Amino acid sequence: MKIYLVGAGPGDPDLLTVRAERLIKTADVVFYADALIPPGIIALTRPDCERIATKSLTLEAMLPLMIQAAQTGKLVLRLHSGDLSLYGAIHEQIQALHRAGMTVEIVPGIGAIQLAAARLTTEWTVPELVQTVILTRTAGVTPMPEDLAALAAHRATLGLYLSARLVDTAQAQLQKHYPPDTLVAVCYRLGWPQEKIWLVPLTEMAALTHRQRLTRTTLYVISPVFRAGATRSHLYHPQHRHLFRP
Ligand SMILES: C[S@@+](CC[C@H](N)C(=O)[O-])C[C@H]1O[C@@H](n2cnc3c(N)ncnc32)[C@H](O)[C@@H]1O
């Protein structure tokens with residue numbers, strides 16, 4: 001008895017993995033967060049597939065439905081946005097499914113942070129400039145065990161999730177360590193028809209968010225790479241020798 005937890009990518013059906021697409025097209029029952037999974041992905045399900053929107057369901061309401069369907073031999077999957085390893089709330093789901101004797105298989109997806117790099121035609125790790133990526137959020141109902149300003153002190157590429165409603169606090173924390181002219185990519189609904197991306201100095205991050213009325217599905221990426229000059233890796237440098245290029 002298996003339940004698939006599937007990463008649906010940021011929104012564009014073209015960015016599903018081959019495995020995710022195959023499962024979506026063959027599933028008997030699909031659970032999906034209606035606010036996060038665009039209709040284009042749900043449209044791939046079979047006409048007789050049972051589609052259950054989960055936005056207004058608690059985990060307690062959802063789990064028995066998932067378990068019951070799997071117990072009757074149905075192919076059951078739960079769709080999560082992006083990749084499930086980030087803010088997917090799957091930890092407690094996996095534990096409860098295991099307690100109920102279910103096998104869980106996770107199918108990874110493309111996360112918003114990967115699509116943001118692709119859209120901006122960039123790399124989050126540029127040699128000699130930044131070699132670390134921090135993925136974090138600001139505290140909301142979920143408290144933050146880490147301190148955003150302390151994370152900012154690394155001046156790494158920093159992907160900030162779930163923070164549009166708390167952008168003023170976030171900007172103030174980030175400005176404690178990033179230079180004010182550091183550029184921030186404000187990425188709204190990547191991979192959706194409404195996608196928009198702005199590149200602004202850190203000092204304008206909150207003002208832009210308010211002006212554009214962004215409250216949800218916004219990823220901020222604060223990074224030195226947006227001002228990177230000419231620099232290159234050792235890997236493909238003619239003077240660098242390694243196992244495959246002695
Ligand atoms: C519950 S988290 C899910 C993250 C998801 N698991 C991922 O890997 O992208 C939702 C937050 O992720 C970011 N996010 C997810 N999908 C996005 C998209 N299509 N465009 C912009 N930001 C997105 C936003 O910060 C949003 O508030």
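Not measured: the values here are computed from a predicted model.
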Backbone N or O of Val221 within a donor-acceptor pair of the Ser223 side chain at under 3.5 Å? no
From CG (Leu166) to CD (Gln171), nearest 0.5 Å: 13.0 Å
Check this for me, if you would: do Lys2 and Glu105 make a salt bridge, where the nitrogen-to-carboxylate-oxygen distance has to be below 4.0 angstrom? yes
Check ring pair (Phe, Tyr, Trp, His ring centres under 6.0 Å) between Tyr4 and all other residues, then give those that pass, not counting sequence neighbours. none
About how many Å separate OG1 of Thr215 and CZ of Arg165, when rounded to the nearest 0.5 Å? 4.5 Å
Please tell me whether Val107 and Leu44 are part of a single hydrophobic cluster in this structure, the criterion being side-chain heavy atoms less than 4.5 Å apart. yes
Shortest non-hydrogen contact between Leu158 and Tyr178, atoms and distance: CB-OH, 3.3 Å
Distance from Asp12 atom CG to Leu190 atom CG, nearest 0.5 Å? 11.0 Å
Can any side-chain N or O of His177 pair as donor or acceptor with the backbone N or O of Ala152 at less than 3.5 Å? no
Looking only at side chains, do Tyr220 and Thr209 share a donor and an acceptor under 3.5 Å apart? yes
Residues that Phe226 engages under ring pair (Phe, Tyr, Trp, His ring centres under 6.0 Å), provided they are two or more places apart: Trp124
Could you tell me whether a side-chain N or O of Asp83 sits under 3.5 Å from a main-chain N or O of Gly109, the two making a donor and an acceptor? yes
From Met66 atom CE to Met102 atom CE, the distance as rounded to the nearest 0.5 Å: 9.5 Å
At their closest point, which heavy atom of Gln175 faces which heavy atom of Thr203, and how far apart are they? OE1-CA, 3.7 Å
Looking only at atom types and distance, does a side-chain atom of Arg46 sit under 3.5 Å from a main-chain N or O of Ile24, one as donor and one as acceptor? no
If you measure from OG1 on Thr157 to CD1 on Ile222, what distance do you get to the nearest 0.5 Å? 9.5 Å
Pick out which of Leu77, Leu75, Val76 makes a side-chain contact (heavy atoms from CB on, under 4.5 Å) with Asp28. Leu75
With rounding to the nearest 0.5 angstrom, report the CZ to CD1 distance, Arg119 to Ile197. 6.5 Å
Side chain to side chain donor-acceptor pair (under 3.5 Å) partners of residues 29-45, not counting sequence neighbours, each pair once: Thr45-Arg51
